[in-house]
Amino acid sequence: WLVIAVGLVRAYLAKGSYHSLYYSIEKPLKFFQTGALLEVEYLLIAKYLPGIVPSSVVLTAFQVMSRVFLTWAVTHSVKEVQTEDSVLLFVVAWTITEIIRYSFYTFSLLNHLPYLIKWARYTLFIVLYPMGVSGELLTIYAALPFVRQSGLYSISLPNKYNFSFDYYTFLILVMISYIPIFPQLYFHMLHQRRKVLSHTEEHKKSE
């Protein structure tokens, strides 16, 4: 994710514009975001290991799968949306979020977690999560007319499988799915923030 961040900054300095910066980080974004599927696999395994309390598998799976879906099934598949500013919106949000998150995990494993990183992990999401979700939804919305016109990934009857699928409708349902799921993720993080940061403050006072 630092590679992506550096790539964005270098491309911006070279172009002098934030438009169409997606192309400068397209390959590493696809690689690293797809690699996040391993995190869901880890949570499924950790669920059955003694002494390990994993994060919510459902919430993590939704977050990772929605990002992989946005990366491949929308942004990669619908070339017309790659120049949309909304793509940069979610890429920047993902990048900052993941740099902070993995820094938090790394320093925690080293038993030397700076308070600034802990604070950033449980505070900046307040802005970054809505920013990322807004970028994702706007990108899907921008893709809709192109999907409808091209019939991308759609299967119409009649066919030998007697099965039909409308990708345009599916994308609308994906957008609707954010309504019940995103608040769960957001309020889960707010709950974690109160628990973790209040515990830190109490620990400091006791010292």
Side chain proximity check, [X] to [Y], heavy atoms < 4.5 angstrom:
X	Y	value
Tyr129	Gln63	yes
Leu37	Met65	yes
Leu70	Gln33	no
Leu88	Tyr22	no
Met175	Leu144	yes
Leu197	Lys118	yes

Determine, using the 4.5 Å side-chain heavy-atom cutoff (strictly less than), whether [X] and [Y] are members of one ILVMFWY cluster.
X	Y	answer
Val127	Leu89	no
Leu109	Ile45	no
Ile155	Tyr161	yes
Leu110	Leu116	no
Leu138	Val74	no

Look only at the side chain of [X] and the backbone of [Y], and say whether a donor-acceptor pair between them is shorter than 3.5 Å.
X	Y	answer
Thr95	Ala5	no
Glu80	Ala143	no
Thr34	Phe31	no

Taking all non-hydrogen atoms of both residues into account, name the closest pair between [X] and [Y] and its distance.
X	Y	result
Leu128	Ala93	O-CB, 3.6 Å
His19	Asp85	ND1-OD1, 3.0 Å
Lys79	Tyr23	O-OH, 4.4 Å
Ala11	Leu21	CB-CD2, 3.7 Å
Ser24	Gly7	OG-O, 3.9 Å
Ile99	Leu2	CD1-CD2, 3.8 Å

When you look at NZ of Lys15, are more than 12 heavy atoms from neighbouring residues, nucleotides or ligands closer to it than 6.0 Å?
->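 Yes, because the 6.0 Å sphere around NZ of Lys15 holds more than 12 heavy atoms from other groups.
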
Within 6.0 Å of CZ in Phe69, more than 12 heavy atoms from elsewhere =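 Enclosed.
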
Would you please name every residue forming a side chain to side chain donor-acceptor pair (under 3.5 Å) with Tyr12, sequence neighbours left out?
-> none

Residues in side chain to side chain donor-acceptor pair (under 3.5 Å) contact with Ser66, at least two apart in sequence or another chain =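 Partners of Ser66 by the side chain to side chain donor-acceptor pair (under 3.5 Å) criterion come out as none, since no residue qualifies.
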
Tell me, please, which residues at least two apart from Phe32 pass ring-ring contact (aromatic ring centres under 6.0 Å, His included).
->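 Partners of Phe32 under the ring-ring contact (aromatic ring centres under 6.0 Å, His included) test: none.
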
Could you list the residues that satisfy ring-ring contact (aromatic ring centres under 6.0 Å, His included) with His76, not counting sequence neighbours?
->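 For His76 the ring-ring contact (aromatic ring centres under 6.0 Å, His included) partners, ignoring immediate neighbours, are Trp72.
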
Give, for atom [atom1] of [X] and atom [atom2] of [Y], the distance between the pair rounded to the nearest 0.5 Å.
X	Y	atom1	atom2	value
Phe170	Leu152	CZ	CG	12.0 Å
Leu137	Leu171	CG	CG	11.5 Å
Arg67	Phe62	CZ	CZ	10.5 Å
Glu26	Ile4	CD	CD1	11.5 Å
Tyr102	Ile100	OH	CD1	13.5 Å
Ile172	Tyr167	CD1	OH	12.0 Å

Return the orientation label for the Phe165 and Phe163 ring planes: parallel under 30°, perpendicular over 60°, tilted otherwise.
-> parallel

Check the angle between the aromatic planes of Trp94 and Trp1 and answer parallel, tilted or perpendicular using the 30° and 60° thresholds.
->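 Perpendicular: the ring planes of Trp94 and Trp1 meet at over 60°.
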
Cation-pi, Tyr122 ring and Arg193 (6.0 angstrom, 45 degrees) |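 The answer is no; the distance or angle limit is not met.
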
Please, which pairs that meet side chain to side chain donor-acceptor pair (under 3.5 Å) have at least one residue in residues 146-157, sequence neighbours excluded?
->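 Passing the test, one end in residues 146-157: Ser77-Tyr153, Arg148-Tyr168.
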
Side chain to side chain donor-acceptor pair (under 3.5 Å): which pairs involve residues 171-187, sequence neighbours left out?
-> Glu136-Tyr178

Does one side chain, of Ser20 or Thr83, offer a donor that lies under 3.5 Å from an acceptor on the other?
->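 Checked: Ser20/Thr83 side chains show no N/O donor-acceptor pair below 3.5 Å.
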
